[in-house]
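See structure below.
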Amino acid sequence: MAPQERTRRAAAIRDADEARNELALALDDAGVLLPSLGLDTVSLASGYLPPLVDLGRCNPGTALKLAEALREGRRTVELSARVREVNRRSEQRT
């Protein structure tokens, strides 16, 4: 592998590791722990695949917590969008 390619590959791996860390923090904030969360070793060893974040396996209770956290996030986004729309309409009337 050429030096430039090694540098690009190292940067891609760092980016994947940062993404994994961000996901772990966000899941932790939602009360969800994915014990197998990590980087996919096959993609790390490949010269062709991009580095992948491996979400791993979890028990059914953790899967349900994750589903609820995603639903709660969606409800929050939908509520924020509705509030923005109501505010926008009220500003147009004045």
Side-chain angles (χ1 to χ4, degrees):
M1 187 181 297
Q4 284 182 319
E5 182 57 30
R6 277 197 299 271
T7 301
R8 277 195 296 273
R9 185 74 182 160
I13 291 170
R14 278 193 305 276
D15 290 346
D17 193 44
E18 288 176 19
R20 183 201 54 85
N21 291 339
E22 286 296 317
L23 179 57
L25 288 171
L27 289 169
D28 185 56
D29 287 346
V32 176
L33 172 66
L34 294 179
S36 301
L37 183 63
L39 297 181
D40 174 62
T41 55
V42 173
S43 67
L44 292 176
S46 171
Y48 302 100
L49 293 173
L52 299 174
V53 176
D54 187 350
L55 301 180
R57 299 174 300 188
C58 65
N59 64 41
T62 300
L64 291 173
K65 281 184 185 178
L66 179 56
E68 181 54 34
L70 292 170
R71 285 189 193 101
E72 182 61 34
R74 182 177 177 134
R75 283 191 292 269
T76 301
V77 168
E78 289 170 352
L79 178 60
S80 295
R82 284 187 292 222
V83 167
R84 281 193 301 276
E85 178 62 22
V86 168
N87 288 339
R88 187 184 62 75
R89 288 181 190 166
S90 68
E91 288 172 357
Q92 288 176 346
R93 283 188 251 157
T94 57

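This is a predicted model, so every value here is computed, not measured.
For Glu72, the salt bridge (Lys or Arg N to Asp or Glu O under 4.0 Å) partners at least two apart in sequence or on another chain are Arg75. Arg6 pairs by the salt bridge (Lys or Arg N to Asp or Glu O under 4.0 Å) definition with nothing, not counting sequence neighbours. The side-chain hydrogen bond (donor to acceptor under 3.5 Å, both in side chains) check on Asn59 picks up Thr62, with sequence neighbours excluded. For the side chain to side chain contact (heavy atoms under 4.5 Å, CB included) test, no residue two or more places apart in sequence or in another chain qualifies with Val86. Partners of Ala11 under the side chain to side chain contact (heavy atoms under 4.5 Å, CB included) rule, at least two apart in sequence or in another chain, are Arg14. Glu5 meets the side-chain hydrogen bond (donor to acceptor under 3.5 Å, both in side chains) test with Arg8; sequence neighbours excluded. Partners of Arg84 by side chain to side chain contact (heavy atoms under 4.5 Å, CB included), not counting sequence neighbours, listed by chain and number: Ser80, Ala81.
Heavy-atom neighbours of Glu78 CD from other residues, nucleotides or ligands within 6.0 Å: above the threshold of 12. More than 12 non-hydrogen atoms from other residues, nucleotides or ligands lie less than 6.0 angstrom from CZ of Arg88.
Scanning all heavy atoms of the two residues, the minimum distance from Ala16 to Pro51 falls at CB-CB, 3.7 Å.
The hydrophobic cluster containing Leu25, built from Ile/Leu/Val/Met/Phe/Trp/Tyr side-chain heavy atoms closer than 4.5 Å, comprises no other residue.
Look at Arg89 and Glu85 and you find a salt bridge, because one of the NZ, NE, NH1 or NH2 atoms lies within 4.0 Å of a carboxylate O, short of that distance.
Atom CG of Leu70 and atom CD of Glu68 lie 9.5 Å apart (nearest 0.5 Å). Remark: Leu33 CG to Lys65 NZ distance equals 8.5 Å, nearest 0.5 Å. Distance CZ/Arg57 to CG/Leu37: 13.5 Å, rounded to 0.5 Å.
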Under 3.5 Å donor-acceptor pairs involving side-chain atoms of residues 39-46, not counting sequence neighbours:
unit_1	atom_1	unit_2	atom_2	d
Asp40	OD2	Ser43	N	2.8
Asp40	OD2	Ser43	OG	3.1
Ser43	OG	Asp40	O	3.0
Ser43	OG	Leu52	N	2.9
Ser46	OG	Tyr48	N	2.9
Ser46	OG	Leu49	N	2.8

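The stretch residues 15-32 participates, sequence neighbours left out, in these side chain to side chain donor-acceptor pair (under 3.5 Å) pairs: Asp17-Arg20.
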